[in-house]
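Worksheet for the structure shown next.
Scope of the values below: all heavy atoms of this structure, side chains included, with no hydrogens, waters or symmetry mates.
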Amino acid sequence: MRFPTLIPALFLLAAPITAQQPSVTLMPMPASLTLTAARLALDTSFTVALPHVHDARLERAVTRAVRRLSMRIARPLPYQYALDTAATLIVDVAASGHAIPELDDDESYTLQVSDHRAVLTAPNVVGAIRGLETLLQLQAADASGLYFQGADIRDTPRFRWRGLLLDVSRHFEPVDVVKRTLDGMAMVKLNVLHWHLSDDQGFRVESRKEPRLQEFGSDGLYYTQDEIRDVVAYAADRGIRVMPEFDVPGHSSSWFVGYPELTVGSGPFSIARTWGTFVPTMDPTRESTYHFLDTVIGEISGLFPDKYWHVGGDEVDPKQWKTTATIQDYMRAHGLANEVALHTAFNRRLFEIVQKHGRIPVGWDEIFQPDLPTSAVIQSWRSSDALAASARAGFHGILSAPYYIDHMKTAADVYLADPIPVNTTLTPAQQALVLGGEACLWGEYVTPDLVDSRLWPRLAAVAERFWSPGSVTDVPDMYRRLAVTSHRLEEVGLRHEEHVARAVTWFAGDSSELFQRFIGYIRPRDFGGNGPNQMYPHTALVDAALPDPPAAAALMALARRAVQGDTAALGALQDRFAEMSGFQDRLAAVAVELPAARDGAMVAGLLRNIGVAGGMTVDALRHRDLAAAGWSTTADSLLRLAVPKAGGMRPVGADAVRVLLQSVR
């Protein structure tokens, strides 16, 4: 079965499935999905056929998929390659495609599952990899046995660039962490790892030509060149590009420790241990600066075959440029009116170097200036308006502003933000310049022990926004499917679901169960960490809390059911609110011997306010005592008292109580 040429038109014409079908647990949602009554039995007679393309990368992808199926059913699936007319799964790929993924790779596929077989058709191996992930999500079980849900799927991504920025400079993340992150990304069909490899707090790649970069700028925590090649190959095997970022001319303190001649001043310089922006900046007036960058980019670009190279360019502190006589003289001699113009002149030289080595430059909002060549790609971290402005000026762009998941945003927060919103004022031609988006996980408060809980499962919601049709926006249904997706993600070694249980061992003593229950109702605020510097241990109560605890969505779902007359939901809410009200006293009882209980005292008080307000509202609804004087005002007052943030944490549940109150009124 060949990939038909009319498929792109079908993708445009097919209406996406509505997100209300209760049996659908796919994430991201396909462009077009029809579920059928078919059931393809899954047993040890499982066979696979690769009738056309039969390359090693495709075989590895099939092997990974079958291994995960085998783990689910707890018995081996000794699959064999069979004739296509007899196989359980036919993977019909028209061509191998690029061995190293590229921006314009066709990631589309079709998948038909009948009672007799599943047929996955794709134009290349990357499309087949995407389709295999969807097939795994169709696996189900009931009293009759294991099976694949019958379906007819025609799928293609909405955006070509669907990425994750992983900052390993503030806190180093070992290779095994990066690899399991890539496995999770592949499961939700993300296709770009933006690897932030240098910043003030660390230079994380081995340079053999300029070795003092890692010898003096990394605390010995860096990736060898062989490790980089290994990660890049691992990503390519899963259809993921790896784009490196080396931030210049600011955010570069770690460069200057070994090479102080790159900046001005006598030094000595040191790795930055705190967070923020710093004065030391590269000297853009010396030819030696560009020669050094040429050497480093020339060497390290050989490790990263991707066509894009991120130059950073953000948050450049101009103080050093303003106060250095030689730099001011240079600006006057070259007719540069201000430090912004100097930065743009630096970027033009830098882009020439990047392009000399066969790469396309990418940079943050600050590089966007009217006289910058439009060959650059602008990554917007400031706002969606900034992305729109660069598109109007003819630049390709990537949106990150709404997707800073290190800010502890909920899945709903990031899910409803769109690179091209419905009310966009961009023309169709300008919209075509928006390549997609990237979620960002900056590493100030993200250690290897915390990284999975800070990424997952929220990153799956972002991935759906980048892949699925823009009309897929049902938040309650997203949370329903996200809960299933969260479990699936642990198949590849991610540890986000066990995070709380593991983290409370740092501080809970014999009160582990109490803290696990309590943490289920709180979430970190803002950047969600503690400690002023890079050396601080992240083992406090706030570090154990999840950015979007499941209790928040569960309470909201119960509230929606309750206002529709579901008495069981009202009873469940009553129990939840009673538990929330009791944590303050329970923590006080163990506060003498457990500092974490004292850390949680204030947020436990706020949680009590929500629990009491919720309990009062449920009582009113259950007994229909809606006119009783004073209770509604008291509930409102308690909710207002629950708004403040406490010790880096905030309680959940207030929104659910407001839904109940609104139904009363």
Side-chain angles (χ1 to χ4, degrees), residues 161-170 192-203 242-255 272 275-278 280-282 284 293 297 306 308-318 321 339-351 353-355 359-407 417 419 433-444 527:
W161 193 303
R162 308 179 308 280
L164 165 69
L165 177 145
L166 183 63
D167 172 14
V168 298
S169 299
R170 274 60 176 244
V192 181
L193 175 65
H194 174 171
W195 211 356
H196 186 80
L197 289 161
S198 77
D199 214 294
D200 296 298
Q201 294 80 12
F203 189 98
V242 181
M243 176 182 67
E245 179 184 351
F246 294 89
D247 206 345
V248 293
H251 281 293
S252 303
S253 299
S254 61
W255 299 57
W275 320 125
T277 57
F278 299 88
T281 307
M282 286 188 177
L293 289 170
I297 293 171
D306 192 67
Y308 292 84
W309 179 279
H310 206 296
V311 302
D314 59 312
E315 298 181 319
V316 178
D317 189 330
W321 293 351
E339 285 70 30
V340 172
L342 177 61
H343 186 192
T344 301
F346 170 86
N347 284 334
R348 283 197 294 267
R349 292 288 305 274
L350 176 62
F351 288 4
I353 294 169
V354 170
Q355 291 167 332
R359 301 294 183 266
I360 299 169
V362 183
W364 299 105
D365 281 318
E366 288 90 334
I367 73 167
F368 170 46
Q369 296 297 326
D371 53 348
L372 193 73
T374 56
S375 56
V377 177
I378 309 299
Q379 184 165 5
S380 293
W381 71 274
R382 289 175 167 173
S383 69
S384 298
D385 291 341
L387 176 75
S390 62
R392 292 189 187 96
F395 288 84
H396 282 97
I398 309 161
L399 182 63
S400 285
Y403 311 117
Y404 269 44
I405 56 178
D406 59 300
H407 286 201
L433 295 173
V434 178
L435 300 176
E438 285 185 0
C440 294
L441 186 69
W442 298 101
E444 286 89 343
F527 289 94

Worksheet item: Does the side-chain contact (heavy atoms from CB on, under 4.5 Å) test come out yes or no for L293 and W255, once each step is laid out?
Response: CA-CA 11 Å; L293 289 170; W255 299 57; 3.9 Å; yes
Worksheet item: I367 and G363: which non-hydrogen atoms are nearest, and at how many Å?
Response: CD1-CA, 3.5 Å
Worksheet entry | Pairing residues for F351 by the ring pair (Phe, Tyr, Trp, His ring centres under 6.0 Å) criterion, not counting sequence neighbours | none
Worksheet item: Side chains of V192 and D306: closer than 4.5 Å at any heavy-atom pair?
Response: no
Pair up each side-chain donor or acceptor in residues 371-378 with any protein partner under 3.5 Å, not counting sequence neighbours, and list the distances.
unit_1	atom_1	unit_2	atom_2	d
D371	OD2	R348	NH1	3.2
S375	OG	Q355	NE2	3.0

Item to complete: Would you please name every residue forming a ring pair (Phe, Tyr, Trp, His ring centres under 6.0 Å) with H396, sequence neighbours left out?
Response: none
Discussion item. Using the salt bridge (charged side-chain N to carboxylate O under 4.0 Å, His left out) criterion, which residues pair with E366? Sequence neighbours excluded.
Written reply: R382
Worksheet item: Below 4.5 Å, heavy atoms only, C-beta onward: do C440 and Y403 meet side chain to side chain?
Response: no
Discussion item. If you apply the rule side-chain contact (heavy atoms from CB on, under 4.5 Å), what do you find for W309 with M243, and how did you get there?
Written reply: CA-CA 6 Å; W309 179 279; M243 176 182 67; 5.9 Å; no
Worksheet item: Is there side-chain contact between N347 and Q369, with heavy atoms separated by less than 4.5 Å?
Response: no
Worksheet item: Do the ring planes of F346 and H343 sit parallel (below 30°), tilted (30 to 60°) or perpendicular (above 60°)?
Response: tilted
Discussion item. If you define the side chain from C-beta out and look only at heavy atoms, does anything of P249 sit under 4.5 Å from V316?
Written reply: yes
Item to complete: Go through the structure and list residues passing salt bridge (charged side-chain N to carboxylate O under 4.0 Å, His left out) with D200, not counting sequence neighbours.
Response: none
Discussion item. Can you tell me how far apart CG (D247) and CG (D314) are? Round to the nearest 0.5 Å.
Written reply: 4.5 Å
Worksheet item: Centroid-to-centroid, H310 to F246, below 6.0 Å?
Response: no
Fill in: Ring centres under 6.0 angstrom apart (W161, Y308)
yes
Discussion item. Please report the interatomic distance CD(E339) to CH2(W321), rounded to the nearest 0.5 Å.
Written reply: 8.0 Å
Discussion item. Nearest 0.5 angstrom please: L166 CG to W442 CH2, how far?
Written reply: 10.5 Å
Worksheet item: Under 3.5 Å, is there a donor-acceptor pair between the D365 and S380 side chains?
Response: yes
Worksheet, complete the sentence: Smallest heavy-atom separation, P361 atom then V311 atom, equals CB-CG1, 4.5 Å
Discussion item. Within the structure provided, determine whether V168 and W195 are in side-chain contact (heavy-atom separation under 4.5 Å).
Written reply: yes
Practice prompt. Would you please test W381 and Y404 for side-chain contact (heavy atoms from CB on, under 4.5 Å) and show each step?
Written response: CA-CA 8 Å; W381 71 274; Y404 269 44; 3.0 Å; yes
Worksheet item: Ignoring hydrogens and geometry, is there a side-chain-to-backbone donor-acceptor pair from S254 to D199 under 3.5 Å?
Response: yes
Discussion item. Taking S198's backbone N and O only, do any of them form a donor-acceptor pair with H196's side chain (distance below 3.5 Å, no angle check)?
Written reply: yes
Worksheet, complete the sentence: Shortest non-hydrogen pair, A386 vs S383, comes out as N-OG, 3.0 Å
Practice prompt. Any chance you could measure L387, atom CG, to D385, atom CG, to the nearest 0.5 Å?
Written response: 9.5 Å
Fill in: Criterion side-chain hydrogen bond (donor to acceptor under 3.5 Å, both in side chains) against W364, the qualifying member of Q379, H251, E245, E315
E245
Practice prompt. List for me each residue that meets salt bridge (charged side-chain N to carboxylate O under 4.0 Å, His left out) alongside D406, sequence neighbours excluded, and say none if there are none.
Written response: none
